[in-house]
Amino acid sequence: MPAGTNAYRGLIDPTHEELILVLDYGGQTAQLIARRVREQNVFCQMVRPDLPAERIRELNPKGIILSGGPASVYEPGAPQCDPRIFDLGIPILGICYGLHLTFKALGGEVLPGKHREFGRTPLHVDTTDPLFAGIPDRFVVWMSHGDQASGGDIPLQTLASTETCPFAAVKHKTRPIYALQFHPEVSHTEHGSRLIGNFVQSVCGCKGSWRISSLIEREIEAIRNYVGKSRVICGLSGGVDSSVVAALLSKAIGKQLSCIFVDNGMLRKGEAEEVRQRFSDHFKTDLHVADARKQFLDELKGVTDPQQKRKIIGRVFIEVFRHEAKSIPDARFLAQGTLYPDVIESGANPDGPAATIKAHHNVGGLPEELGFELIEPLRDLFKDEVRTMGLELGLPEDLIWRHPFPGPGLAVRCLGEVTEPRLETLREADAIYIDELRKAGLYREIQQAFAVLLPVQSVGVMGDARTYEDTVALRAVTTDNFMTADWHRTPYEVLGRVSTRITNSIRGVNRVVYDISSKPPSTIEWE
Ligand code: XMP
């Protein structure tokens, strides 16, 4: 993700009324903590684990949360916090690794435990402390730790325990410091959201005034000031993020916005037309549709290797985009739908956590040498917040909840050579599948579903004749973050209807199979 030097840093100006910081120790669920806090209508940012106390004081948060993490605090090189943060007088909540750090910093001890405690565990709450207000005194929490902490001489009050963990929840007797051995942010912990809410509201004293609707107003104002009279280009993909950016910019600067939509021919059925209608007809945007279908197909001729397909599509996309952008001579800015998880994972923010090594499919994107200044108005938002914003901006529900679609599009779902007749078969099969999922009310509970055209012919029978035709695979997954996924238990009747419709109405397909692999070991896409 290119981070232009002059890039507009996004929605949130640094003068939030209320801010909670999450010091990120690399736990898989650290981002979930930030999302839970934001559900309380309080702005929350992930920052470097060792952010100095002076910088934290400058940022003036209402509270600090230390996340979990995979290390052991006593290991050499394990990430630490600045121990002076415990003297700032700002409320602190340490979670798991964060609890160990808290104990270590305050003079307690952390040692390898005899057993690793992992999974759901009953918790006994022994307190009327505001942290547990409105929560039953027994409930199930999610544990995942090997180390055990002991408080030594720290003046601690135990708030809750489990059979094996005497310090499942503790509080410092004189300072606003709390620590939990379990993970309140995950859905397996009952009342976890309430607990985080109690910390944010009762302990930190936040009122919860952060709203997407008021954010939109502030953002529109900020974009207008930033852009002045200049022209902004926005690349539309048909997906949620770029559509929300375009809708926001259209509201903010109207006629100064030009959108570019590259039709690479690898799109789902009806997609190009929908983009045209929505942005040209509805938002009255200056929309440039680059019809590059033939160019992409020509370049993909004879190519079967998936990575090769991706490379070609990436390169041709940039060529076409650059060419189209040149036809808009006075453009100075380029708007992109970069989201907060990308920003966190790219390590782009100087106060933010370090980059995580992750094979991000979208790396590459549009190169900086296009020569534009970047505008990234969604840089501080999680996906669910972007959806809320899109709905408030008047984008239709079915776009907002549309499953993600890979940049190389149907090319990586058309296994083997990509040809127009094969794409047409795949487009029809995919449309039937999605239609049946919608009719069955299943589309929203699935995070991604699509058809794949296999390079496999098999024998079938139609009427009295033997056929030798193509196979379509159906893939549907449930997932929190697309890094791991499970296959969706779609009812047989629905799968049956999809199969019958596909084989009855699409010539050249005589077999439909359902993919029952999870990720890992499989990936979500087949290529
Ligand atoms: P995998 O197949 O790696 O996919 O389990 C995880 C998520 O990433 C999407 N994906 C891509 N997105 N360009 C993209 O923009 C790509 O080349 C690409 N490959 C996979 C995939 O659809 C899923 O949501």
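In listed order, ligands and their atoms are each counted from 1. Nothing fancy with the numbering, it's 1 onward along the sequence. These values consider heavy atoms only, across backbone and side chains, with no hydrogens, waters or symmetry-generated copies.
Between the side chains of Thr478 and Asp486, no donor-acceptor pair of N or O atoms lies under 3.5 Å. With hydrogens and angles left out, the side-chain atoms of Thr503 and Arg511 include no donor and acceptor closer than 3.5 Å. Under the 3.5 Å distance criterion, with hydrogens and angles disregarded, a donor-acceptor pair is assigned to the side chains of Thr29 and Glu185. Under the 3.5 Å distance criterion, with hydrogens and angles disregarded, a donor-acceptor pair is assigned to the side chains of Glu445 and His488.
Within ligand 1, the atoms closer than 4.0 Å to a non-hydrogen atom of Pro408 are 13 (N), 16 (C), 17 (O), numbered from 1 in the order shown. Of all atoms in ligand 1, listed by their number and element, those nearer than 4.0 Å to a heavy atom of Lys519 are 1 (P), 3 (O), 5 (O), 6 (C). Below 4.0 Å from some heavy atom of Phe482 lie the following atoms of ligand 1, by number and element: 6 (C), 24 (O). Close approach of ligand 1 to Thr523 (heavy-atom distance below 4.0 Å) involves ligand atoms 1 (P), 2 (O), 5 (O).
Not one N or O of Pro404 is nearer than 3.5 Å to an N or O of ligand 1, by distance alone. Residue contacts with ligand 1: Gly407 is placed with a nitrogen or oxygen under 3.5 Å of a nitrogen or oxygen of the ligand (distance criterion only). Here's the thing with Arg413: none of its N/O atoms is less than 3.5 angstrom from an N/O atom of ligand 1.
Ring pair Phe182/Trp142: centre-to-centre distance not below 6.0 Å.
A salt bridge links Arg315 with Glu319; the closest basic N to acidic carboxylate O contact falls under 4.0 Å.
Of the listed options Glu525, Gln307, Arg310, Arg310 places a heavy atom closest to atom 19 (N) of ligand 1.
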